[in-house]
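When a residue number appears, it is its place in the shown sequence, counting from 1. Given the structure is predicted, the values throughout are model-derived calculations rather than measurements.
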Amino acid sequence: MTEFSGESWWLRTLQMPSAVSPQWQEKASDFFQSSGFKIKEAGNSAGTFVGEVAKDAKVNVADAAEKVGSVVKSRWAIFQQPSTRHAMQERFIAAAATTSMFLRKGFSETKEKVVVGKIKVEEVAKMTAEKSKNLLTDIERWQKGVASTDVFGIPIELAVQHQQSTTPIPTILMKCADSLILSGLNSLELFKAQGDKKVIRQLVSFYNQDPNASVPEGVSSVDIAALIKCYIASLPDPLTTFELFDDIRNARSSIHLMRNILKKLPTVNYMTLELITALLLRVSQKSLLNKMDARSLAMEMAPIIMWQKDHRPEHYKQFWIQTPKLDSKASLDSASNYSGWDMLSDGEIKDASSSIPLDDGMPVDFHAIEVIQCLIEHHNAVFTDANETVW
């Protein structure tokens, strides 16, 4: 096998003995010489091209770097200018101030919400405690009958004994009458309009806990008049008593006879009847404004002032009477389901705008109405020897 090393294989081939003609050898030699020259020339051209490319790339990179540097330098120069730098500082300061303001506002609002929430929680807790207190009081009243401080639903003489005043008239009636005289006589349909049932129940509960309290501010005259009617209706016995019912009824046409019969009433009943009729007289004197003359007032008041046994005006029970007692087995479970107002009610509450029926289904006693009308119109003549109420 021929070994190709040292000289190029094609030179050796030319030196090898061959049967090829000298003419062919010459052509081959020219060809190879020409090829070698072209290859060398191509290599030089390639080297020159690569160098130019590299040079161009270097130039391009330098140009690009110069441009970037120029931009950065110009921008930095702008930033270094006092006006620009001041403007940027102002922007940074404004941004920081705005951020700080939002943070403070957020913290402030959060703090305010926490304070408001705390106040609301305290208010709810206070209201809950008050309602619980009232509920416990009503449960006690419901379980034991009438509590020691109650003024509604107890005999009138007992109410007078419990009060601080020495006047033989229930304090609640005197305070309510004084309030009406001061600012309520002109109220439309006084003693006829039923008033706000919720307010009346609240007043009943209020006076059962503090019989000597003054009338709360903001209570309307209509509600005060309705409270007076509720108190009178809650008495176990009528103001005129059962014993004198027929005598008083038959004396309606004689002022002299009426005066003498009324003197037979217990002092508390007599003085209270004098106060009530004196108040009604003052109301009737404003009838052009309140639309309530002596007859209209008598129709409203007679059924609760003068009634026979088994004819008690039951409609007013919803304001003051305790919930009917249940059997002991169900008492505790049922008590937890009643609210404070439920325990002052004994049935379904009708619409507040409805009028109070005169007789609760009973026949109207026109003679009793005439008696009360007489006591209103001839009040000063009938109650001559009483400590007449003066406003």
Test side-chain contact (heavy atoms from CB on, under 4.5 Å) applied to Cys176 and Val215, step by step: CA-CA 7 Å; Cys176 289; Val215 177; 4.3 Å; yes
Full working for side-chain contact (heavy atoms from CB on, under 4.5 Å) between Met174 and Leu275: CA-CA 8 Å; Met174 292 190 293; Leu275 173 77; 4.1 Å; yes
From CA spacing to verdict: side-chain contact (heavy atoms from CB on, under 4.5 Å), Leu279, Phe191: CA-CA 11 Å; Leu279 174 62; Phe191 286 99; 3.8 Å; yes
Steps toward side-chain contact (heavy atoms from CB on, under 4.5 Å) verdict (Leu239, Ile156): CA-CA 9 Å; Leu239 274 179; Ile156 190 170; 3.8 Å; yes
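Cluster annotation: Leu265 and Val382 are assigned to the same hydrophobic cluster (Ile/Leu/Val/Met/Phe/Trp/Tyr, side-chain heavy-atom contacts under 4.5 Å, transitive). The hydrophobic clustering, which links ILVMFWY residues whose side-chain heavy atoms are closer than 4.5 Å, places Leu257 and Ile372 together. Note on Val151 and Val199: same hydrophobic cluster, where clusters join Ile, Leu, Val, Met, Phe, Trp and Tyr whose side-chain heavy atoms are under 4.5 Å apart, directly or indirectly. Hydrophobic clustering, with ILVMFWY side chains joined whenever heavy atoms are under 4.5 angstrom apart, keeps Val222 apart from Leu173. One hydrophobic cluster holds both Met299 and Val364 under the rule that ILVMFWY side chains link at heavy-atom gaps under 4.5 Å.
When every heavy atom of Ala251 is checked against every heavy atom of Met258, the shortest pair comes out as O-CE, 3.5 Å. Contact record, Met301 with Ile276: CE-CG2, 4.3 Å, taken as the closest heavy-atom pair. Considering all non-hydrogen atoms of both residues, Ala298 and Gln373 come closest at CB-N, 3.6 Å. Of all the heavy atoms in Met306 and Ile248, the pair that sits closest is CE-CG2, 3.8 Å. Nearest heavy atoms, Ile305 versus Pro238: O-CB, 3.4 Å. Closest approach of Ser221 to Leu180, counting heavy atoms only: O-CD2, 3.5 Å.
Atoms CD1 and CG, on Ile376 and Asp293 in that order, are 9.0 Å from each other to the nearest 0.5 Å. Note that the NE2 atom of His379 and the CG atom of Leu281 stand 7.0 Å from one another [nearest 0.5 Å]. Note that CD1 of Ile224 is 10.5 Å distant from CG of Asp178, once rounded to the nearest 0.5 Å. The line from CD of Glu300 to CG of Leu190 is 10.5 Å long, rounded to the nearest 0.5 Å. Between the OG1 atom in Thr240 and the NZ atom in Lys264 there is a gap of 14.0 Å [rounded to 0.5 Å]. To the nearest 0.5 Å, the span separating NZ on Lys198 from CD1 on Ile200 amounts to 13.0 Å.
Taking the side chain as every heavy atom from C-beta outward, Leu185 and Val283 approach each other to under 4.5 Å. Residues Val160 and Pro170 are in side-chain contact: their nearest non-hydrogen atoms beyond the backbone lie under 4.5 Å apart. The shortest distance between side-chain heavy atoms of Gln202 and Pro216 does not fall below 4.5 Å. When side chains are defined from C-beta on, Ser187 does not count as touching Asn290, because their heavy atoms never get closer than 4.5 Å. In this structure, Pro211 and Thr171 have side chains that are not in contact, with every pair of non-hydrogen atoms separated by 4.5 Å or more.
Remark: the backbone N or O of His367 is paired with a side-chain donor or acceptor of Asp365 at under 3.5 angstrom. Between the side chain of Ser220 and the backbone N or O of Asp223 there is at least one donor-acceptor pair closer than 3.5 Å. Judged purely by atom type and a 3.5 angstrom limit, Tyr207 uses its side chain to pair as donor or acceptor with the backbone of Ser214. When atom types are taken as modelled, the side chain of Gln163 and the backbone of Ile169 share a donor-acceptor pair closer than 3.5 angstrom. Put simply, the side chain of Ser234 gets close to the backbone of Tyr231: a donor and an acceptor are under 3.5 Å apart. The closest donor-acceptor contact from the side chain of Arg249 to the backbone of Val371 lies at 3.5 Å or more, if one exists at all. Formation of a donor-acceptor pair under 3.5 Å by the Asn208 side chain with backbone atoms of Phe152 is found in this model.
Counted by atom type alone, Asn269 and Thr272 present zero donor-acceptor pairs between their side chains at under 3.5 Å. Side-chain atoms of Ser205 and Gln209 include a donor-acceptor pair closer than 3.5 Å.
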